[in-house]
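Contents: one structure, followed by commentary.
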Amino acid sequence: MALLEVRNLEVSFGLRSGAVKALRNINFTLDRGERLGLVGESGAGKSVLGFSILNLIAKPGRITGGEILFEGQNLASMSDRDLRSIRGNRISMIFQDPMMTLNPVLTIGQQMVECLMAHRKISRDNARTIAVQKLKQVQIPSPETRIDQYPHELSGGMRQRVVIAIGLLMDPDIIIADEPTTALDVTIQAEIMELMVELCERNNVALILITHDLGVVSQVTQKAIVMYAGRVIEQGPTREIINDAQHPYTQGLMNALPQMAIPGQRLNQIRGSMPGLQKIPTGCAFNPRCDYVMDICHHQLPGYTASGNCQVACHMVAEMKKSAQASEEV
Amino acid sequence: MIAFFIKRLAQAIVVMFVISIISFSIQDNLGDPLREMVGQSVSEAERQQLRDELGLNDPFLVQYGRFVKNALQGDLGTSYFFKEPALDVILAKLPATLELVFGASLIIIFLSVPLGVYSAINPQSLFSKAVMGLSIVGISVPVFLTAIGLIYLFAIELNWMPSYGRGETVDMFWGWESGFFTADGLAHLVLPCVSLASIMLPLFIRLIRAEMMEVLQSEYVKFAWAKGLNPRRIYFLHALKNTMLPVITVGGVQIGTMVAYTILTETVFQWPGMGFLFLEAINRVDTPLIVAYLIVVGAIFVITNTIVDLVYGLVNPTVNLAGKK
Ligand SMILES: Nc1ncnc2c1ncn2[C@@H]1O[C@H](COP(=O)(O)OP(=O)(O)OP(=O)(O)O)[C@@H](O)[C@H]1O
Ligand SMILES: [Mg+2]
């Protein structure tokens with residue numbers, strides 16, 4: 001049994017103009033210690049997916065279908081009390097902006113100790129000792145003094161280390177990191193990412209890494225999911241997706257990467273932009289931007305086609321597979 | 001800390017200077033104090049002589065200079081009506097007014113925080129909507145109407161509460177008569193405090209609700225949920241502490257404003273406080289008393305603002321009172 005299995009997950013936002021689906025038909029699995037990259041343009045639904053795994057979608061959002069099986073228990077239908085014993089304990093989250101994630105009026109220590117005491121029968125002193133240890137693990141210098149400081153006394157990089165330390169506090173099974181380095185100074189992004197990955201590896205923690213950066217995905221993860229307009233359009237082993245992207249959108253993302261381009265040449269941006277949730281075109285949501293668009297793309301939602309070890313939601317890929325199969329049979 | 005107090009002191013001096021200029025210069029325009037002080041029978045020559053003696057014929061700056069010099073020695077002039085030092089007359093009425101403001105503040109704090117927090121957490125509930133609706137009504141009803149309504153209902157129709165005066169008081173210290181320690185004194189406090197609170201209460205409920213709703217959307221509250229904390233801890237520690245920061249600042253200013261509002265409340269309830277005295281002083285053109293009142297109210301403003309700043313500094317760790325990093 002996979003550590004985490006998401007089945008047909010659907011999340012909707014009840015807006016004044018009616019309900020819109022932010023996530024549709026999401027399926028994936030995550031094994032113990034595995035690292036999964038979640039990529040896609042802004043607004044694709046990556047953060048919504050991250051939060052819905054913890055069943056933490058804020059109103060007016062709601063999980064409207066599917067299951068989130070964590071060690072076989074369905075988080076989508078679990079009571080609040082039981083969910084609380086999982087949040088921050090078995091599955092924890094790291095947010096994007098460390099300047100905003102920590103409560104400005106509570107000390108680092110208070111924010112760590114409260115988490116330990118919420119999940120474990122433990123004295124305040126013991127909790128503090130563990131907190132200091134964790135701060136040491138994320139390489140915060142002189143953690144005994146830092147622990148009594150307030151967030152504003154720490155730099156952005158330091159704060160994100162603290163957030164990572166809080167994420168690791170309970171030795172969770174899964175960490176969901178939503179763009180954990182985007183808000184940081186470029187010079188320390190790699191350092192923080194490396195630290196996080198190393199700690200996950202050492203403690204056999206599975207990581208769901210949400211990011212815009214395909215380069216990071218290729219370095220860090222074993223598995224990747226590409227999202228577009230609330231749907232998974234391609235998923236599979238990271239290496240296959242990076243080296244041999246099948247979906248025109250994924251190919252477009254790859255071509256837009258600076259390191260993929262020939263020096264001196266203009267980057268190949270995908271033309272147009274992703275539609276808002278209310279304006280998703282019928283058929284394949286990517287059809288207005290696709291260079292290979294066919295008739296069928298305008299009126300039929302593509303199903304998933306197996307390609308190597310990947311799943312791809314694209315009519316063209318499906319067609320190619322079919323004709324390849326047909327020619328094999330002949 | 002010392003730097004903070006020096007800065008505060010400088011501010012206080014500026015504020016008091018402005019208040020003294022304003023209050024001193026209006027006394028020229030309030031009518032002729034002599035008319036109130038002496039009867040019809042006094043001749044014009046005697047009046048002129050009295051004016052000279054009182055220094056009322058001196059140039060403005062000379063009068064003001066004399067005023068400041070005396071004020072610095074705690075002498076704000078002698079009330080024309082009471083024939084006693086104006087400051088003493090005012091300060092004797094200060095406890096009554098402060099107790100009124102204190103009682104109203106207690107009502108505001110103990111009602112606005114729970115109501116504001118509840119309606120921020122459950123914005124869709126019927127109760128929250130009722131609170132929000134009533135607060136709009138509360139904001140738009142003038143104080144004297146509330147006061148008269150309260151007197152009519154609870155004092156006249158139901159006869160539950162006394163309608164005027166302070167009732168029985170206890171002498172505390174330095175002549176501070178308190179109404180907080182006798183049943184009768186407390187009963188007399190209820191209606192005036194409620195009507196004084198009625199102006200600010202709806203504002204505070206709405207302010208707390210709005211701030212709290214914003215804080216509940218913040219990343220650090222989301223992070224607190226993701227840590228699996230108890231909702232009570234999230235609402236009443238993580239969210240409330242941040243909610244109260246702007247509320248404390250606004251609250252400090254409003255306490256000062258409330259002192260001014262006591263003029264209305266005290267008049268309706270014939271509450272023997274500074275506000276009531278102030279209105280009487282205006283009627284009698286008792287200028288030294290008017291000036292003394294304005295200066296005491298100004299001082300209360302400065303003091304409450306300093307206290308609020310100190311409290312704010314204690315709650316908000318990013319504020320450094322000492323001004324050092
Ligand atoms: N509270 C909300 N109410 C309504 N719609 C929402 C809400 N939160 C998110 N959405 C919608 O859900 C969609 C997915 O948003 P999400 O934040 O998951 O995108 P993302 O992929 O994380 O983007 P980014 O890379 O910018 O973080 C967006 O179209 C957004 O408009
Ligand atoms: Mg996001």
Side-chain angles (χ1 to χ4, degrees), chain A residues 47 50-51 53-60 80-108 110-120 148-153 159 162-163 166-167 169-170 172 175-178 183, chain B residues 113 117-125 128-129 208-209 211-249 309-325:
Chain A
S47 299
F51 278 103
I53 290 172
L54 275 178
N55 201 338
L56 257 182
I57 284 297
K59 280 180 189 162
D80 275 342
R81 174 181 278 274
D82 292 341
L83 277 169
R84 251 186 281 146
S85 70
I86 289 185
R87 292 173 185 152
N89 186 20
R90 311 295 308 279
I91 306 178
S92 60
M93 245 179 128
I94 294 172
F95 288 16
Q96 174 171 355
D97 190 348
M99 297 296 175
M100 319 285 265
T101 313
L102 295 170
N103 194 321
V105 299
L106 302 175
T107 63
I108 306 298
Q110 283 174 309
Q111 299 187 54
M112 297 183 82
V113 166
E114 67 177 0
C115 188
L116 282 155
M117 292 181 70
H119 297 296
R120 227 184 260 171
D148 291 319
Q149 291 186 326
Y150 287 94
H152 74 274
E153 298 173 80
R159 286 192 224 184
V162 171
V163 173
I166 293 176
L169 210 49
M170 302 303 304
I175 288 185
I176 302 166
D178 191 350
Chain B
V113 173
V117 168
Y118 179 86
S119 53
I121 296 173
N122 309 294
Q124 297 301 328
S125 89
S128 304
K129 286 179 177 165
I208 290 173
R209 178 184 122 108
E211 291 294 336
M212 181 91 172
M213 285 179 93
E214 202 178 310
V215 168
L216 288 179
Q217 297 296 318
S218 70
E219 291 291 298
Y220 55 81
V221 167
K222 284 188 193 151
F223 190 58
W225 286 112
K227 285 183 349 189
L229 302 182
N230 187 315
R232 249 175 303 140
R233 190 171 172 91
I234 297 178
Y235 290 134
F236 295 108
L237 181 74
H238 282 256
L240 190 58
K241 211 171 169 191
N242 285 285
T243 300
M244 288 321 282
L245 290 179
V247 176
I248 289 171
T249 314
D309 279 0
L310 282 172
V311 172
Y312 188 85
L314 287 182
V315 182
N316 187 356
T318 59
V319 170
N320 199 332
L321 290 180
K324 66 173 162 57
K325 200 71 209 161

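Every chain is numbered from 1 and lettered A, B, ... according to where its sequence line falls, protein lines coming before strand lines.
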Checklist entry - For the residue pair B/Tyr312 and B/Leu245, what are the closest heavy atoms and their distance? => result CE1-O, 3.2 Å
Checklist entry - Relative to chain B, which of A/Asn89, A/Leu102, A/Leu54 shows the most heavy atom pairs under 4.5 Å? => result A/Leu102
Item to check | Listed partners of A/Arg84 passing side chain to side chain donor-acceptor pair (under 3.5 Å), at least two apart | outcome: none
Checklist entry - Which one, A/Asp80, A/Val163, A/Asn103, A/Ile91, leads in non-hydrogen pairs under 4.5 Å with chain B? => result A/Asn103
Next on the checklist: Are there over 12 heavy-atom neighbours, none belonging to B/Met213, within less than 6.0 Å of that residue's CE?
Outcome noted: yes
Item to check | Heavy-atom pairs under 4.5 Å with chain A, option from B/Lys227, B/Glu219, B/Lys222, B/Lys241 with the top count | outcome: B/Lys227
Checklist entry - With a 4.5 angstrom heavy-atom cut-off, which part of B/Val315 approaches chain A: side chain, backbone, both or neither? => result backbone
Next on the checklist: Taking side chain as everything from C-beta outward and backbone as N, CA, C, O, which of these in A/Gln111 sits under 4.5 Å from a heavy atom of chain B? Side chain, backbone, both or neither.
Outcome noted: both
Checklist entry - Of all of A/Ala118, A/Pro151, A/Cys115, which one pairs up most often with chain B through heavy atoms under 4.5 Å apart? => result A/Cys115
Next on the checklist: Does any backbone or side-chain atom of A/Ile86 lie under 4.5 Å from a heavy atom of chain B? Answer side chain, backbone, both or neither.
Outcome noted: neither
Next on the checklist: Rounded to the nearest 0.5 Å, what separates atom CG in A/Leu56 from atom CE in A/Met93?
Outcome noted: 7.5 Å
Item to check | Residue list, side chain to side chain donor-acceptor pair (under 3.5 Å) with B/Glu211, at least two apart or on another chain | outcome: none
Checklist entry - Closest heavy-atom contact between A/Ile166 and A/Met112? => result CG1-CG, 3.8 Å
Checklist entry - What's the spacing between B/Met212 CE and B/Ile121 CD1 if we round to 0.5 Å? => result 4.5 Å
Checklist entry - Highest number of heavy-atom pairs under 4.5 Å with chain B: which of A/Met100, A/Gln110, A/Glu114, A/His119? => result A/Glu114
Checklist entry - Picking from A/Ser92, A/Ala58, A/Ser85, A/Pro104, which has the most non-hydrogen pairs under 4.5 angstrom with chain B? => result A/Pro104
